[in-house]
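What follows is a single structure, written as structure tokens, with notes after it.
Hydrogens, waters and symmetry mates play no part in the numbers below; they use all other heavy atoms, side chains included.
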Amino acid sequence: MPKKLNQLEATAICGNDISSSCLYVSALAIVYAGQYAWISLLVVAVVLYFFRKIYGEVVGALPLNGGAYNALLNTTKKSTASLAASLTVLSYMATAVISVSEAVKYAHSILNGIPVLPVTIGLLMVFMGLVILGIGESSKVAIGIFIFHLLSLTILCSFCVFFIINHGIETLISNFNLPVKGGIVTSLFLGFSAAMLGISGFESSANYVEEQEKGVFPKTLRNMWIVVTVFNPLIAFLALAIIPMDNIIGNQDALLSIMGNKASGHWLSLLIGIDAALVLSGAVLTSFVGVGGLMKRMALDRILPKELLKKTSKDSNYLIFILFFVLCVSILLVTQGDLGKLAGVYTIAFLSVMILFGIGNLLLKVNRSRLPRPEKSSWLGLFIGVFAVGAAIVGNVMLNPQYLAIFMEYLIPSLVVVFFMLYRTHIYKLFLTVLDYIFPDKGKVFQKLNSKTKQLLHNINKQQFVYFAKRDDVATLNKVLLYISENEATKRVKIVTILDKDEKVDISLKKDIDTLDRAYPLIDVEFIEEHGVFGPEKIKELSKRWRIPTNFMFIASPGDKFPYEIQELGEVRLII
């Protein structure tokens, strides 16, 4: 069994992404909120606190890879979950390309003469190789980067404080006396909207939760929240205390390096430049690890081709990482590293994923209320969090209306691929109808295309699904078959009841299933009585015996007395 990630390893992987925001988000907030930017950043920290509970409840109840996709897959329609998956992959692509581009640009500022584009592609290839080697190996690299980054930020802040002690607060007073464009409320709102980019990466831990040791996930959320709450507002305040406003806005792309140079000279500026190149590279690693867990789950659920599930000897799905590398290189070449275009994808995709996670939490409370969970978010906290993120999307569209159009340019092709996989049986059936119309003579071309399409349909529909029933009534079983018919491409469903040694099945259950078998003529409903104890071992046994993957097995939401945690059942899904 692969080694699970401990708290430091898991935090480092996602922490490099969210903590790299310190390099740009403070300057970005100052551009829009001026001297009140630190307040906007504190408001972001408050919103993130509510999302700690939201993510903690959802992933605590459903500790499976996939983040927002997994949350929605187990609480609503598969098509809605697929939208969340598409947005998350887009967010990871944009994150990886922005981070690797900025990392190489920082390196270029230190080592003049390095070719930016080839080195950028080479760095993407290095991190692809790391994750193919295994998440344990990549976590060691992440830890080194993460610790160095936190030390660098601590050194920078310390020298800035010493500078203020020695030189006074005249610059701070001067900056705070400047007029506020558009009023304080408007400035705070726009600063908050821009600063919400500073929490990107918070969703990443949920996408590789199965690789983490038990109890580690909520600690990664806490650790990321602490880093964002301490450093982002502090850096904004210190910048305002030592650098005039005009200089901050004029040097926003390298604000921390400017702060280091002002506070202690070239050596500190150089340290920050090296740190920036490293931690932004670490954010690329986060993207690869996060997207690996997500795309694996999508392939298991037949939203992506199953060929992506091929593994190396170290249990790494190498084709997923190669595909992600190719996608990142393609978007890099198409945009030529234009950060404006990439930010348009990044901003709206990331914030949309957070809203969908909030919706997943809402549906979990309503539709899966019986499901045990280690912690719960309050209704007030949930609504505040979702409303705040929605407001941030509106604010970002107000700041950059063109971002919405750019975002749609990338989202639509992604949705075309995913929804083709989701509805390909309907597309194949439509294609067969079109073939009849185009080739009335039924010649060789027709026969070849017709035969191939029917074979594809057969291969999809032959996949069997399992629902474990105990004392379900006909209404519940009807919901099960309705869900399967609307969300899965199959013609065969096994309804299985697990009985104790001397237990006999309720005769009414057999009658109900016979009735439903007639009500769903396109689905072959098979009722099976299986003796034993329902649990992980029985699920594995049946999965092996019937050659049905566990992610094609469904159960109703278990109650507090259920003896197992949901992750112990493998990839079994909750649909009722």
- Task: Give the minimum heavy-atom separation between Gly360 and Val58, together with the two atoms involved.
- Result: C-CG2, 4.4 Å

- Message: Would you say that Phe527 contacts Asp514 through its side chain, given a criterion of any heavy-atom pair below 4.5 Å between the two side chains?
- Response: no

- Hey, mind stepping through Phe554 and Val466 against side-chain contact (heavy atoms from CB on, under 4.5 Å) and telling me if it holds? CA-CA 6 Å; Phe554 305 145; Val466 172; over 6 Å; no

- Message: Between Ile498 and Lys538, is the side-chain contact (heavy atoms from CB on, under 4.5 Å) condition met? List the steps.
- Response: CA-CA 9 Å; Ile498 308 295; Lys538 175 58 72 172; 4.0 Å; yes

- Task: Measure the shortest side-chain to side-chain distance between Val228 and Ile18 over non-hydrogen atoms and say whether it is less than 4.5 angstrom.
- Result: yes

- Within-4.5 Å side-chain heavy-atom neighbours: Met93 and Phe324: yes

- Task: Supply the atom-to-atom distance Leu221 CG to Leu48 CG, rounded to the nearest 0.5 angstrom.
- Result: 8.5 Å

- Query: Mind checking whether Lys53 and Ser378 have side chains closer than 4.5 Å, heavy atoms only?
  - Reply: no

- Query: Taking atom CZ of Phe350 and atom CE of Met196, what is their separation to the nearest 0.5 Å?
  - Reply: 6.0 Å

- Task: Using atom types as modelled and distance alone, determine if a side-chain donor or acceptor of Thr453 lies under 3.5 Å from a backbone N or O of Leu432.
- Result: no

- Is there a side-chain contact between Arg424 and Lys429, using heavy atoms and a 4.5 Å cut-off? no

- Message: Take a 6.0 Å sphere around CZ of Arg545 and say whether it holds more than 12 heavy atoms from other residues, nucleotides or ligands.
- Response: yes

- Using a distance-only test with no angle check, is there a side-chain donor-acceptor pair under 3.5 angstrom linking Asn223 and Thr11? yes

- Item | Heavy-atom pair of closest approach, residues Glu57 and Ser377 | OE1-N, 2.9 Å

- Message: Please check: side-chain N/O of Asn16 versus main-chain N/O of Ala142, any donor-acceptor pairing under 3.5 Å?
- Response: yes

- Just by distance, with hydrogens left out, do Lys4 and Gln212 show a side-chain donor and acceptor under 3.5 Å apart? no

- More than 12 heavy atoms from other groups under 6.0 Å of CZ on Phe420: yes

- Item | Closest approach of Gly358 to Val386 (non-hydrogen atoms, all atoms of both residues) | CA-CG2, 3.8 Å

- Note on the structure: So CG of Leu308 and CE of Met298: to nearest 0.5 Å the spacing works out to 9.5 Å

- Closest contact, heavy atoms only, Ala10 versus Cys14: O-SG, 3.3 Å

- Query: Between Phe217 and Val59, which heavy-atom pair has the shortest distance, and what is it?
  - Reply: CE2-CB, 3.4 Å

- Check: Asn317 side chain, Lys296 main-chain N or O, donor-acceptor pair, under 3.5 Å: no

- CA sep, side-chain torsions, deciding dist, call: Val496, Trp546, side-chain contact (heavy atoms from CB on, under 4.5 Å): CA-CA 12 Å; Val496 182; Trp546 295 333; 3.7 Å; yes

- What's the spacing between Gln464 CD and Asp524 CG if we round to 0.5 Å? 8.5 Å

- Judged by atom type as modelled, is there a donor-acceptor pair below 3.5 Å linking the side chain of Asn6 to the main-chain atoms of Glu9? yes

- Mark yes or no for whether Ser99, through its side chain, and Ala96, through its backbone, hold a donor-acceptor pair below 3.5 Å. no

- Query: Can any side-chain N or O of Lys365 pair as donor or acceptor with the backbone N or O of Lys376 at less than 3.5 Å?
  - Reply: no

- Message: Under the side-chain contact (heavy atoms from CB on, under 4.5 Å) test against Met128, which residue among Val284, Val329, Ile322 passes?
- Response: Ile322

- The reported gap from CD1 in Ile495 to CZ in Phe468 (rounded to nearest 0.5 angstrom) is 12.0 Å

- Would you confirm whether the ring centroid of Phe51 sits within less than 6.0 angstrom of the ring centroid of Phe202? no

- Task: Taking atom types as modelled, find out whether Thr497 and Glu529 have a side-chain donor-acceptor pair closer than 3.5 angstrom.
- Result: no

- Separation between CD1 (Ile54) and CD1 (Ile359), nearest 0.5 Å, reads 11.0 Å

- Task: Using a cut-off of 6.0 Å, state whether more than 12 heavy atoms not belonging to Tyr49 lie near its atom OH.
- Result: no

- Query: Are the side chain of Thr88 and the backbone of Ala84 linked by a donor-acceptor contact shorter than 3.5 Å?
  - Reply: yes

- Message: side-chain contact (heavy atoms from CB on, under 4.5 Å), that's the test. Do Lys78 and Leu72 meet it? Break it down for me.
- Response: CA-CA 8 Å; Lys78 197 173 184 179; Leu72 292 167; over 6 Å; no

- Run the salt-bridge test on Glu526 and Arg492 with the 4.0 Å N-O cut-off and return the result as yes or no. no

- Message: Any side-chain to backbone donor/acceptor pair from Asn396 onto Ser193? Under 3.5 Å, distance only.
- Response: yes

- Task: Would you indicate whether the side-chain heavy atoms of Ser352 and Ile348 approach each other to under 4.5 Å?
- Result: yes

- Query: With no hydrogens and no angle check, is any side-chain donor or acceptor of Ser330 less than 3.5 Å from a backbone partner on Leu327?
  - Reply: yes

- Check for a donor-acceptor pair, side chain of Ser91 on one end and backbone N or O of Leu87 on the other, with a separation under 3.5 Å. no

- Item | Minimum heavy-atom distance between Met354 and Val389, given as atom pair plus value | CB-CG1, 4.1 Å

